[in-house]
Structures are given as C-alpha cells and as structure tokens.
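Everything on this sheet refers to the single structure shown next.
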There are 2 protein chains.
Amino acid sequence: MKNREGGFLISKVKQISGRIFDKKLKSYDITDLNSAQGRIIFVLWKKNNQSISDLATNTALSKTTLSSMLNRLEQAGHINRAFDKNDKRKTIISLTEKSKLLKRKYEDVSNEMIDLFYEGLSDKQIDEFEHALKHILNNLISFEGKQK
Amino acid sequence: MKNREGGFLISKVKQISGRIFDKKLKSYDITDLNSAQGRIIFVLWKKNNQSISDLATNTALSKTTLSSMLNRLEQAGHINRAFDKNDKRKTIISLTEKSKLLKRKYEDVSNEMIDLFYEGLSDKQIDEFEHALKHILNNLISFEGKQK
DNA sequence: AAAAAATAATTCTATATAGAACTAATATTA
DNA sequence: TAATATTAGTTCTATATAGAATTATTTTTT
C-alpha cells in the first residue's frame, strides 16, 4: 500500500494558512477579528440567526469552543445572543451591524488567500481538489456522527 | 469567478479529524500522547535528532508552540533535549526508547485514520488530491518565507 | 577585531480548542 | 402523568497555538 499522509499535510496547510490569514487581516486593518473568529462570522454571513449547536455543525467546532469564542465575539460587538421563544434551551446567535460591515473587507482578504492557495493549479485541478475535500469531510462527519 | 472555499473546508477537516484521531489513540490505549504531540513525534520518527527550528519547519508549527509542547513531551518521557556542540544556540531533540516503542501502534491508528479519510476515493483521486495538497503547501511555505 | 545583523531558543501573555461535569429544558417512554 | 432519556448551553480545566519581547550565540559587515 502507498504511503499516504493526507492528514499530516492538511495539518500543515491549516497551520500556515492560519498564520498568513491573520497577518493579511491586520494588513487590511481588521484588527479586532482573527481568522478563527472569522470562520464563525463567515457561517453567520451565509445564514444569520443560528443556534450554537447549528454553529457547531457548520464550523466543525465543539460547542464548548464556541461557547468561549462567542463570549469574545459578543464582547467585541460582533454578535448578539438571544433566546429562542419556542425552545428555551436554545440561544440564537445573530450578527451585529458592525460585523455586517466587515463582510466586504473580509472577502477581499479571503480572495487574496484563495489566490495564494491555488496559485499554479488549473480550474479543473481546483474543482477536483475541492470535490475530494468535501468527500473527505463527509466521511469524517458521518464517522463522528456514528460515534454518538 | 467561482466560489472557492478550500481554506474553510481544510479547517473543518482538520478540526474533525483531530477529534477523531484523539479518540482512536485512546481506544488503542495510547493515553499519554495526543494527536498534536503525535505530529511532532511523527517527524522525529522520519528523522531523529533535529533542532527546534528544523522541527518548526517540518511540522509547520511556530517555534514558540514547539517550545512549550516539547516541555510536555520531555516531561512525559517521549523526547530528550541536548546541546549542539558545534552551535551552542541550538537544542537537539531526540526520541526516547519509550516513544520509539509507540511507533507501531501509532501507525496502526494512522492507517485506520487514512482509511476513514479516503474511503470511497480511488487511488488516482487520492494521488491527485495529495499532489494538489503538496502544491498548496508549497505555495504557502514560499509565501511565508518571503514575508521574513 | 569591533560593531551590527542574523539566528536559536525561551518566557510571557492572550486566544483557541475540547473533554468532563453540570444545569435547565424538552422529548420520550412506561 | 411520572419517570427517564435526550438536547442545549455553560463552566472548569488542561493543552495547543502563536506573537512580542528577551537572552545568548554566531555570522556578517565595516
């Protein structure tokens, strides 16, 4: 069997791109949001008003991680917490105007990042790469789901 | 232009696979090593006796991260620190017998993980995927190198 | 050779991350 | 309906991660 090292490669890509993304955010004067927080805001841009469990699913972070990160995002004025009237256990997270205004700039950074990421790969290669990534992600999600 | 989200997908894959890997390690009775520490030991299995800067390069972690992680790995008896005789600034990290003995078991977990990761993809797809990953990693490495 | 620059590692501080244990609320079962 | 199980969030604790500042050593420049 071949010597595979996808997981190791992914870890390295994640590590370096996080550091680069953080620097790019600062160079665009986004100083009160880092890349990890950006991931959360990003899924809220896609769909506002999500419960914390929804966010856990959509960011792939644990609920406990979100709990503390949302505290900081709330403190910094990026998100609000509200109660769900139909289910008192739930907390609904929504974006503030402040974070809505960040969207354009953040997307510029994202695009710069994506350009760097995929430099030298053809559209076809990128398509196939992201297709494989989604496949892998689904493998992992369904495995983790089964574990419970 | 197409809507790319490779970075976001990679973050999610990294997050979930880390959690799964940690559970698998425990289920194989590897209780004194987690997946993050395993990454460091893994590059030392490939090549023993590396300086911390070398490890930073080969793991894609920052030197400060390594500094504290190596403390814990040393404490747990997995690695040793030694001075470089030719260059007194350098610290050479080597594996202990204990961590050498872990290798077989750790590889079993890795293989199980790789199987899960790539389930449903053909050899050709995996080859192309890892090829693209390496390409992306090189893009990031050379960019981060230029920054300095 | 002395001064300046670069390199290696550490410490300090802040944030990110997640498991275990907990509380409150809702859903399911007997 | 009462008892039980499940679900949603939080807190607590430990580890992971990295930037800034610092010290020691080596290399480069003048």
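Here is how names work: the chains are called A, B, and so on, in the same order as the sequence lines, proteins then strands, and each is numbered from 1.
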Problem - Selection residues 124-141 of chain A - residue pairs positive for salt bridge (Lys or Arg N to Asp or Glu O under 4.0 Å), sequence neighbours left out - result: A:K124-A:E128, A:D127-B:K2, A:D127-B:R4
Practice task
List for me each residue that meets salt bridge (Lys or Arg N to Asp or Glu O under 4.0 Å) alongside A:K105, sequence neighbours excluded, and say none if there are none.
Solution key: none
Completion exercise
Separation of C:dG19 atom P from B:F21 atom CZ, nearest Å, is 15 Å
Practice task
Tell me, please, which residues at least two apart from B:E119 pass salt bridge (Lys or Arg N to Asp or Glu O under 4.0 Å).
Solution key: none
Problem - Value in whole Å for how far the C1' atom of C:dT7 lies from CG of B:N86 - result: 16 Å
Practice task
Using side-chain contact (heavy atoms from CB on, under 4.5 Å) as the criterion, list what pairs up with A:T65, not counting sequence neighbours.
Solution key: A:L61, A:S62, A:M69
Shorter than 3.5 Å, N or O on both sides, protein versus nucleotides 23-25 of chain C: list them out with atom names.
none

Exercise for the section: Mind checking side chain to side chain donor-acceptor pair (under 3.5 Å) for B:D22 and listing every partner two or more places apart, or none if nothing turns up? Expected result: B:S35
Practice task
Please round to 10 degrees the angle between the axis of the first five pairs and the axis of the last five pairs in the helix from C:dA1-D:dT30 to C:dA30-D:dT1.
Solution key: 30°
Exercise for the section: Check side-chain contact (heavy atoms from CB on, under 4.5 Å) between A:I92 and all other residues, then give those that pass, not counting sequence neighbours. Expected result: A:N49, A:S51, A:D84
Problem - Set of side-chain contact (heavy atoms from CB on, under 4.5 Å) partners for A:S68, sequence neighbours left out - result: A:R72
Problem - Main-chain N/O of A:K24 paired to A:S27 side chain as donor or acceptor, under 3.5 Å - result: yes
Completion exercise
Once base and sugar-phosphate atoms are separated, protein heavy atoms under 4.0 Å mark nucleotides 10-20 of chain D, 5' to 3', with B, S and - as BB---SBBBBB
Practice task
Can you tell me which residue pairs pass the ring pair (Phe, Tyr, Trp, His ring centres under 6.0 Å) test with a partner in residues 49-106 of chain B, sequence neighbours excluded?
Solution key: B:F21-B:Y106, B:W45-B:Y106
Exercise for the section: Identify, with sequence neighbours excluded, every residue that meets side-chain contact (heavy atoms from CB on, under 4.5 Å) alongside A:I141. Expected result: A:L137, A:N138, B:I16
